[in-house]
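See below for the structure under consideration.
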2 protein chains.
Amino acid sequence: MHNKLTIKDIAKKLGVSVSTVSRALKDHPDISEKTKSLIRNFANEMNYRPNVLALSLRKQKSNTIGLIIPEIVHHFFSSVISGIEDLTYREGYNLIICQSNENQFRESTNLQALIDHRVDGIIISMSKSTTNFNHFKKAWEDGIPMVFFDRICDAIETDRVVMDDFEGGRLATEYLIKKGCSNILHLAAAPNLLIGRNRRDGYLEALRQYNIPIREKFILKCDTREEVITMQNHILSLVPQIDAIFAVNDSTAIATIQMLRRNGYRVPEDIRVIGFGDGPIATIVEPALTTVEQKGYDMGREAVRLLLQRLNNPNVPIDYQTRVFTPTIKERESA
Amino acid sequence: MHNKLTIKDIAKKLGVSVSTVSRALKDHPDISEKTKSLIRNFANEMNYRPNVLALSLRKQKSNTIGLIIPEIVHHFFSSVISGIEDLTYREGYNLIICQSNENQFRESTNLQALIDHRVDGIIISMSKSTTNFNHFKKAWEDGIPMVFFDRICDAIETDRVVMDDFEGGRLATEYLIKKGCSNILHLAAAPNLLIGRNRRDGYLEALRQYNIPIREKFILKCDTREEVITMQNHILSLVPQIDAIFAVNDSTAIATIQMLRRNGYRVPEDIRVIGFGDGPIATIVEPALTTVEQKGYDMGREAVRLLLQRLNNPNVPIDYQTRVFTPTIKERESA
DNA sequence: AACGTTTGCGAAATCGTTTTCGCAAATTTT
DNA sequence: AAAATTTGCGAAAACGATTTCGCAAACGTT
């Protein structure tokens, strides 16, 4: 088994040197057409395939890029992976994927493993639990090209691909205001999450823009389906005073819609609800969820593009770039 | 940049030979404790990391396994990836992921790329459009260990991890029958997909078991949300004669439920609907979808286990194994 | 003291490529 | 016809590790 044909075997079989075979297969001008076609035909016939490992070792380039992602089973992240995979495939790169499981230790191990594998570059979204950035710093000092996306690490300077969460929060809130709402409840994420803070700040900004007073009690920490259930009574107690809800993510928004309907409220007639982060669940709920669209696939592709730009110009120093994806409102029925 | 320290550098710096360094780092008994600790300390201090590429080339083993998956953005598949990633990580393997996008040509290219990379083994779920199996046959003849999961290729003998789709189909149909239904429409997959055939056969078996006549017109090729919309009129024309629907997957089931409700039917009172393949969308729809549970994460882990079993016993011939995951009904409200 | 055995290490081959350098033979130039 | 150039190819050194083989020095045995 695994009797892989090598360039050496071909050379022996054909009575030429390995250098000649190598050159013939690469169409080097030093080799005569006659020899070239002899070698090429034989190689094709025998289905010769070069050993990528040997090649990478020799060329000091593995044509592989690494990806560290907090969680694969997650619509946004899997969309990003898909975008990354599509582009790397087209460009002839391979993709090694690691999952940090939101765990700093594992993230650090993954990073080391990728570097050990001599990947040409790394794309990362940081784990939630990461508070120490030494592993990133070390990799950065090693000079390995990195692109952060979505959950960026601001302790080091790298290329970045991010959503404009602030603008997303502002847009969502503005959308509700333009529909005539002025008492808007915000179901927010935990305050230590940058993303959540930005969305909340966008919410606040929209209120300010339209001269709507900000009320602290209209901002609730509530960012999971479960939490909606736990906080049901609290939320319902506020409902008589509000005419819209902006939830920090879709599953919270959907859970809220369902909770409201079970309690006799109509969406969007009585209360408008808007979410954040367009996934497959948004189209399933009734009424279909109006939400802020997150373009995971495109962000993935952009991350690859930034990385390749660096890989293809290894000695040209390029300023670190940050690509910002401005979200758009995906209008459906709930708001 | 990228001034990676090699074993040669260490040898030179310490005035010993490369072989000594290599052996010292691997704790070979031929090396004296004194030399060992000298070398080890230096290596640690300088943060030496072996070059995996060189190692793989020398050892003829890359410690990498390849995965070809039809679509990453898909709850079942991303669960499988997660299970695969978790176990490969724990066992010290790396994972190269390719996405065939349900495209035979790309599947074949991916396979070749993985083989070129000298992965130690490959885990695959076949693309929907694959009708020619030569690429698999060639890989099989090359002797590269393969494990198929879910969408297996029955043209070649390999290890397999499958759902018992037949039993799933039978269970789902039986469930409906026991609820008192006897005119059950089956929305089926394309006939070239084994999975779809098995689910359909399970459906037929249940009907036979309960002496319910089989009617060809109650089996429709319709396995996507879009197709439900295209075939809406056809489906609605059958509705007066039926009391239940068994859909080959969840998104079809959900699209059907919504289509039915828009047309004035109540689920499950007028028509019961059951799906297949429990994902997050099943809990979102109203009424929540009763469906056949698919354990993607566990299947992924099992695929890795089968593969490792072969990789760890390279010369022990093991009979090809097929691991069958028997599904269970996840009872919710729609059936 | 002569011989055998162990200890500790180095030289060199190997894995499969690419690439620099060199060198005959063929060809062109003078 | 001699000199200069070009053509076509091979030898060998990388890339970074492991591993077989060999060999000197130190040690133990009679």
Side-chain angles (χ1 to χ4, degrees), chain A residues 1-40 42-43 46-64 113 115-120 142 314, chain B residues 1-40 42-43 46-64 113 115-120 142 314:
Chain A
M1 80 171 221
H2 252 275
N3 290 323
K4 278 292 182 188
L5 190 72
T6 77
I7 223 173
K8 239 185 232 171
D9 301 329
I10 300 183
K12 198 173 295 175
K13 226 63 119 185
L14 259 42
V16 296
S17 75
V18 283
S19 8
T20 303
V21 177
S22 172
R23 281 188 273 240
L25 293 174
K26 309 218 77 188
D27 205 24
H28 192 283
D30 266 12
I31 309 296
S32 72
E33 272 312 320
K34 200 169 135 236
T35 316
K36 270 185 196 169
S37 64
L38 173 75
I39 293 177
R40 275 203 288 244
F42 185 78
M46 302 297 286
N47 202 18
Y48 166 75
R49 300 247 94 210
N51 186 321
V52 178
L53 260 39
L55 235 151
S56 303
L57 180 59
R58 177 66 230 247
K59 294 268 197 81
Q60 295 290 75
K61 181 165 195 316
S62 64
N63 251 269
T64 299
I115 294 175
D116 286 354
H117 262 263
R118 302 301 194 268
V119 295
D120 298 328
D142 268 17
Chain B
M1 78 171 217
H2 251 276
N3 289 323
K4 278 292 179 186
L5 190 71
T6 77
I7 221 170
K8 236 186 237 172
D9 302 331
I10 299 183
K12 198 172 296 175
K13 225 64 118 187
L14 260 41
V16 295
S17 76
V18 284
S19 8
T20 302
V21 177
S22 171
R23 282 189 273 241
L25 294 174
K26 309 217 77 188
D27 204 23
H28 193 283
D30 266 13
I31 308 297
S32 71
E33 271 313 320
K34 199 169 138 236
T35 316
K36 271 185 197 170
S37 64
L38 173 74
I39 293 177
R40 276 202 289 245
F42 185 79
M46 301 298 284
N47 201 19
Y48 166 75
R49 298 249 95 208
N51 185 322
V52 179
L53 260 40
L55 239 152
S56 302
L57 180 60
R58 176 66 229 249
K59 293 269 196 85
Q60 295 290 75
K61 180 163 194 318
S62 63
N63 251 267
T64 300
I115 294 175
D116 287 354
H117 262 264
R118 302 301 193 269
V119 295
D120 298 329
D142 268 16

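Bear in mind that the values here come from a model prediction, so they are computed numbers and not experimental data.
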Please report the distance, rounded to the nearest Å, between [atom1] in [X] and [atom2] in [N].
X	N	atom1	atom2	value
D27(B)	dT19(D)	CG	P	14 Å
K4(B)	dG16(D)	NZ	P	12 Å
D9(B)	dA17(D)	CG	C1'	12 Å
R118(B)	dT17(C)	CZ	C1'	11 Å
N51(A)	dG16(C)	CG	C1'	6 Å
K8(B)	dA17(D)	NZ	P	9 Å
D116(B)	dG16(C)	CG	C1'	13 Å

Excluding sequence neighbours, so at least two apart, what forms side chain to side chain donor-acceptor pair (under 3.5 Å) with S22(A)?
none
Can you tell which of dA17(D), dT17(C), dC15(D) lies closest to the side chain of I7(B)?
dA17(D)
Strictly below 4.0 Å: does Q60(A) bring a side-chain N or O up to OP1 or OP2 of dG16(D)?
yes
For dG16(D), does OP1 or OP2 lie under 4.0 Å from any side-chain N or O of Y48(B)?
no
Where do N or O atoms of nucleotides 4-10 of chain D meet protein N or O atoms at under 3.5 Å, pair by pair?
residue: dC9(D); atom: OP1; partner: T35(A); partner atom: OG1; Å: 2.4
residue: dC9(D); atom: OP2; partner: S32(A); partner atom: N; Å: 2.8
residue: dC9(D); atom: OP2; partner: S32(A); partner atom: OG; Å: 3.3
residue: dC9(D); atom: OP2; partner: T35(A); partner atom: OG1; Å: 3.2
residue: dC9(D); atom: N4; partner: D30(A); partner atom: OD2; Å: 2.9
residue: dG10(D); atom: OP1; partner: S17(A); partner atom: N; Å: 3.4
residue: dG10(D); atom: OP2; partner: S17(A); partner atom: N; Å: 2.9
residue: dG10(D); atom: OP2; partner: S17(A); partner atom: OG; Å: 2.9
residue: dG10(D); atom: OP2; partner: T20(A); partner atom: OG1; Å: 2.1
residue: dG10(D); atom: N7; partner: R23(A); partner atom: NH2; Å: 3.0
residue: dG10(D); atom: O6; partner: R23(A); partner atom: NH1; Å: 3.2
residue: dG10(D); atom: O6; partner: R23(A); partner atom: NH2; Å: 2.7

Of all pairs that satisfy salt bridge (charged side-chain N to carboxylate O under 4.0 Å, His left out), the ones with a partner from residues 24-35 of chain A, not counting sequence neighbours
D27(A)-K36(A), D27(A)-R40(A), E33(A)-K36(A), E33(A)-R40(A)
Most 5' of L57(A) and H28(A) on DNA chain C, judged by nearest nucleotide
L57(A)
Residues which pass side chain to side chain contact (heavy atoms under 4.5 Å, CB included) with L14(A), listed by chain and number, not counting sequence neighbours:
I10(A), V16(A), L38(A), I39(A), F42(A)
What pairs with K12(A) under side chain to side chain contact (heavy atoms under 4.5 Å, CB included), at least two apart in sequence or on another chain?
none
Check whether any side-chain heavy atom of K4(B) sits under 4.5 Å from a side-chain heavy atom of D142(A), and report yes or no.
yes
So S22(A), base contact, sugar-phosphate only, or nothing? Heavy-atom distance under 4.0 Å.
base
When the side chains of residues 46-55 of chain A are checked against the rest of the protein, which donor-acceptor pairs come out under 3.5 Å, sequence neighbours left out?
residue: R49(A); atom: NH1; partner: D116(B); partner atom: OD1; Å: 3.4
residue: R49(A); atom: NH1; partner: D116(B); partner atom: OD2; Å: 2.4
residue: N51(A); atom: OD1; partner: L53(A); partner atom: N; Å: 2.8
residue: N51(A); atom: OD1; partner: A54(A); partner atom: N; Å: 3.2

Could you report the tightest heavy-atom contact between A11(B) and S17(B), atom names first, then the distance?
CB-C, 3.8 Å
